Participant: 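Sending over a structure as structure tokens; questions will come in a sec.
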Amino acid sequence: MKTVLSYRDGEAVPDPSASPALALALLLCALIPASVCAEDSSPSGFDAQTLQQRGIDPQLASLLLSAPRYAAGQHTVNLRVNGQRRGRLAVNFDQQGNLCFDRALLDAANLLPPNDTTGCQDFLAQYPQTLVEPDPATLTVSLVVPTDALRPVQQDISGYQTGGFAGLLNYDLSGFYNRFGDDASRFGSANTEVGFNAGDWIVRSRQVQTWQDGLSRSTHLEAYAQRTFASHQAVLQAGQINLYNPVLSGAQITGVQVLTEHALQEQGQGALIQGIANSPAQVEVRQNGALIHSTVVPAGPFALTDVRRLNTRSDVEVTVKESVGGERRFTVPAAMLGLGLPAPGYSVAAGRVRNVGDAKGEDPWVVSGGWTGALHPQLTLGTGVLAASQYRSVGASLGWLPWLDSQIQLSTQVSNSQAQEKVSGVQTDLSWSQRLGEQWSISAANSWRSIGYRELEESTYARDDNNRDSRYRDQQSLNLGWSHPRLGAFSAGVSRSANFAGDSSSRALASWGTSIGAVSLSASAEWQMGGRQQQDNAVYLNISVPLGESRRLRSWVRNSGGENRTGLGLTEQIDDQLSYRVSAEHDSSDHQVETTLGISALPRYSQLDLSYSRSDAERSSYQGGARGGVVLHGDGMTFSPYPVRDTFALVSVGDMSGIKLSTPSGPVWTDWQGRAVVPQVAAYGRSPVEVQTRSLPRNADINNGLAMISAGRGAVDRVEFGVGLTRRLLLTVSTDQGAPLPAGASVSSAEGEFITLVQEGSQVFLPNVLGQSTLWITTPQGSRCQLRYSLPEKADPSVYFETAPARCHAP
């Protein structure tokens, strides 16, 4: 028992607020003569006869005096270990109120078991420094354990959950319809991914489909099978895959590849594409001439997150097609998207080069190999070689961490092509990133190539724009970031590219945002410099003011191509599943007003976005999108509002529908079968999933509402939250003669286990009567009677407890 002292009149005395049980014990002593609390009155410190005369059960007084503890039996508590929350768990206590360290408790607390036996283990004898602090008032049990009692972090990736089978479909759909007078245009796109996980094998197929005014176009990106061999920490990929080389630019091949497990993080690196749309627009992202992503964005700044690239060393071309007519293009250098240090390990691959775009050429065989390792804790070396029938390239990279928060990377590649033209060349890349304190960060990159340098795909396939002079000669990029607690965050980036014909172009993007109280301010700017793109410069200013807890008023000004537009809008987040937005925008050039109404919904199993715009010039447009995933498994079909990744989990909460769970990807809800999908689980990591207990029915109780998922890559883990129905009951009890029972009488089971007390008004509250054994009531005078009551067959789930009359029958 932990005693807390306070000071009164210069003397240290126990603080009653520190323990409800201690406070009640002190209250007992305050209500009765001092002789009753004399230490020599009884072993418990109380005079039993005097307590009976005062209407107090002596056994109850002894129980409350000993310590703040739980009654014997099972209780669902909030578990904390060394100050860290471990979720809710059903734990057991013995007759003396001691905590049972069974296997379930040790696993939930991440503690080392003293032995492999079942049942309660003598954990305190093994670790006597452990402190157990029960707090029945808050339904909490806190453990303070020595660090050597905690289980070590798993380093062997073979120790994680494996196996499982499920099929999946990920979809990202967008559509756009624009009408101006008698003219109309339609556009639609579908980014889809289909596949399945089986026995740690990951099978996927990814494609992009677009529709433009009746014309359809499909681009198949990849189809492959992949498996991680945990004992070797290696990954096998086969099929239509992206060739990974830590130094050289990759390519799309049909073949086989083996690489280190850690390299998958770099291979699957997503890109962040930012820009500004002058009107609702169609955005297409291409790499190496292949369409890799297509979507529709509203007017204003946009950011496409997690665009999956074919490789990390080729530039990305972005096309913005405005609904008001016209289109513009810009190139984002690979270095501006972040090259990063190669993952340590190796990669080997062999297969035939695959043409993803519409270029012409043969598909030669190719082999590739690469290795990256640490020469020093601050120095990393990478090497790579790639050979095709008429193409050779070698390269090396050096990564250096010269000082704190700094990174420098230098890489050089040499190529020799004998395919379309016999040329040789070299390319050099240099990048540097530095964090200056807590406010400043800067990164810069430069890439230079000779006129004879060729990538594998440039040497293999001939495209319409693939002539010598249009290829870039050098590229530079610079990014700057600054943040201040009061002035906000600022970021700016500029990139420049020059080709062998002497033409150059530059693009700059800057943004700033801050909050003054609850008011938010932001600004974005984009400049296209060089050639005919001067008119595409855009500036966007925005201010957002709260109108209540979830409603905000927005006002903005944007300038593009010399045209100014001002707007006013209202947005409201009704709940975590629905929001809407309304706005009106005035164009200074034609003095037209465009009104927009939009709705964003998360109807538990998908993400939806709909909007409608109309202007005075009889121009109207509709825009819609849907995003999510579908998982097919042995128990049926389950929908996810988020895309499902290569490692995921299926969760069941009994058969209860509409139960909300918190996952690393966001909130999900159980379907009509009580199942939900955790769409993304950290491979060889720990991913928490927690049941939001407020979404449970009132007559439901959960043993442990927090699960920590640890799964290997490709696994389909299954998590079942133990949910049981409970039936709480408030009884008004009378004796056989119809008299009420005295307050303070104890209620216990037939085995003598204390349950509760009789309250004022002869009322008894029972926390769970399901499977309840015979109950007995003992008065302070020692007389006993059996508690009897009757209930309807079905409980009411909408109430926290039911009420009923009861009789206490004397034996």
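Note that this is a predicted model, so its numbers are computed, not measured.
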Participant: Look up atom CZ in Arg645 and atom CD in Glu193, then write down how far apart they are to the nearest 0.5 Å.
Facilitator: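 If we round to the nearest 0.5 Å, Arg645:CZ and Glu193:CD are 7.5 Å apart.
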Participant: Are side-chain heavy atoms of Leu480 and Trp440 found at a separation under 4.5 Å?
Facilitator: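 Contact flag for Leu480/Trp440 side chains = yes.
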Participant: Would you please say whether a donor-acceptor pair under 3.5 Å links the side chains of Gln409 and Ser411?
Facilitator: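 No, Ser411 and Gln409 have no side-chain donor paired with an acceptor closer than 3.5 Å.
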Participant: Using a 4.5 Å cut-off on heavy atoms from C-beta on, say whether the side chain of Glu526 contacts that of Asn537.
Facilitator: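 In short, these two side chains do not touch, never coming nearer than 4.5 Å.
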Participant: Between Arg473 and Ser450, is any side-chain donor less than 3.5 angstrom from a side-chain acceptor?
Facilitator: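 Checked: Arg473/Ser450 side chains show no N/O donor-acceptor pair below 3.5 Å.
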Participant: Got a second to check how far Leu381's CG is from His376's NE2, nearest 0.5 Å?
Facilitator: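 With rounding to 0.5 Å, CG (Leu381) is 14.5 Å from NE2 (His376).
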Participant: Begin from the C-alpha positions of Gln282 and Glu284 and carry the test side chain to side chain donor-acceptor pair (under 3.5 Å) through to its verdict.
Facilitator: CA-CA 7 Å; Gln282 169 192 349; Glu284 294 180 347; 2.6 Å; yes
Participant: Could you check whether Ser415 and Arg454, counting side-chain N and O atoms only, form a donor-acceptor pair closer than 3.5 Å?
Facilitator: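 Note: Arg454 and Ser415 side chains miss the donor-acceptor criterion.
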Participant: Do the side-chain N and O atoms of Tyr472 and Ser447 include a donor-acceptor pair separated by under 3.5 angstrom?
Facilitator: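 On atom types as modelled, these side chains qualify, holding a pair under 3.5 Å.
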Participant: Kindly write out the residues that satisfy side chain to side chain contact (heavy atoms under 4.5 Å, CB included) with Ala682, not counting sequence neighbours, or none if the list is empty.
Facilitator: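 Here the qualifying residues are Ser687.
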Participant: For a 4.5 angstrom cut-off between non-hydrogen side-chain atoms, does Arg552 reach Leu570?
Facilitator: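 Arg552 does not reach Leu570 side chain to side chain.
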Participant: Can a salt bridge be assigned to the pair Asp609 and Arg581 using a cut-off of 4.0 Å between side-chain N and carboxylate O?
Facilitator: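 A salt bridge is present here (some side-chain N lies under 4.0 Å from a carboxylate O).
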Participant: Check whether the side chains of Ser505 and Ser497 place a donor and an acceptor atom closer than 3.5 Å, and report yes or no.
Facilitator: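 No, Ser497 and Ser505 have no side-chain donor paired with an acceptor closer than 3.5 Å.
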Participant: With sequence neighbours excluded, what pairs up with Trp556 under the side-chain hydrogen bond (donor to acceptor under 3.5 Å, both in side chains) test?
Facilitator: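 side-chain hydrogen bond (donor to acceptor under 3.5 Å, both in side chains) list for Trp556, sorted by chain: Glu585.
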Participant: Out of curiosity, Glu458 CD to Tyr453 OH, how far, rounded to the nearest 0.5 Å?
Facilitator: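 Going from the CD atom of Glu458 to the OH atom of Tyr453 covers 8.0 Å.
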Participant: So do the side chains of Ser393 and Gln413 get within less than 4.5 Å of each other, counting heavy atoms only?
Facilitator: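 A side-chain contact is absent here, since even the closest heavy-atom pair is not under 4.5 Å.
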Participant: Can you confirm whether the side chains of Ser511 and Ser524 place a donor and an acceptor under 3.5 Å from each other?
Facilitator: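 Looking only at side-chain atoms, Ser524 and Ser511 do not form any donor-acceptor pair under 3.5 Å.
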Participant: Going by heavy atoms in the side chains, are Val414 and Asn416 under 4.5 Å from each other?
Facilitator: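 No - every pair of side-chain heavy atoms lies 4.5 Å or more apart.
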Participant: What closest approach, in Å, do Thr260 and Pro344 show between heavy atoms, and which atom pair accounts for it?
Facilitator: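 The pair with the smallest heavy-atom distance is CG2-O, 3.7 Å.
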Participant: In plain terms, say whether Arg713 and Glu261 are close enough for a salt bridge, that is, a side-chain N and a carboxylate O under 4.0 Å apart.
Facilitator: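 Result for this pair is yes, salt bridge flagged.
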Participant: Tyr684 versus Thr647: any side-chain heavy-atom pair under 4.5 Å?
Facilitator: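 Counting from C-beta outward, Tyr684 and Thr647 never come under 4.5 Å.
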Participant: Could you give the distance from CH2 (Trp448) to CG (Leu430), rounded to the nearest 0.5 Å?
Facilitator: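 Between atom CH2 of Trp448 and atom CG of Leu430 there are 13.5 Å.
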Participant: Which residues pass the side chain to side chain contact (heavy atoms under 4.5 Å, CB included) test with Val557, not counting sequence neighbours?
Facilitator: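 Val557 satisfies side chain to side chain contact (heavy atoms under 4.5 Å, CB included) with Thr566 only.
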Participant: Check side chain to side chain contact (heavy atoms under 4.5 Å, CB included) between Gln692 and all other residues, then give those that pass, not counting sequence neighbours.
Facilitator: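 Testing Gln692 for side chain to side chain contact (heavy atoms under 4.5 Å, CB included), a comparison that skips the adjacent residues, returns Lys660, Ser662, Ser695.
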Participant: Between Trp403 and Gln434, is there a side-chain donor-acceptor contact under 3.5 Å, judged purely by atom types and distance?
Facilitator: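 Present: a donor and an acceptor within the cut-off.
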Participant: When rounded to the nearest 0.5 angstrom, what is the spacing between CD1 in Ile202 and OG1 in Thr228?
Facilitator: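 If I round to the nearest 0.5 Å, the distance is 6.0 Å.
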Participant: Going by the rule side chain to side chain contact (heavy atoms under 4.5 Å, CB included), which residues pair with Asp172 if we only count those two or more places apart in sequence or in a different chain?
Facilitator: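 Side chain to side chain contact (heavy atoms under 4.5 Å, CB included) check on Asp172 returns Asn191, His293, Arg627.
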Participant: Yes or no on side chain to side chain donor-acceptor pair (under 3.5 Å) for Arg554 and Ser544, after CA distance, side-chain angles and deciding distance?
Facilitator: CA-CA 4 Å; Arg554 295 175 54 243; Ser544 177; 5.7 Å; no
Participant: Listing request: all salt bridge (Lys or Arg N to Asp or Glu O under 4.0 Å) pairs with a residue in residues 485-496, at least two apart in sequence or in separate chains.
Facilitator: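 Qualifying pairs, neighbours excluded: Asp474-Arg496.
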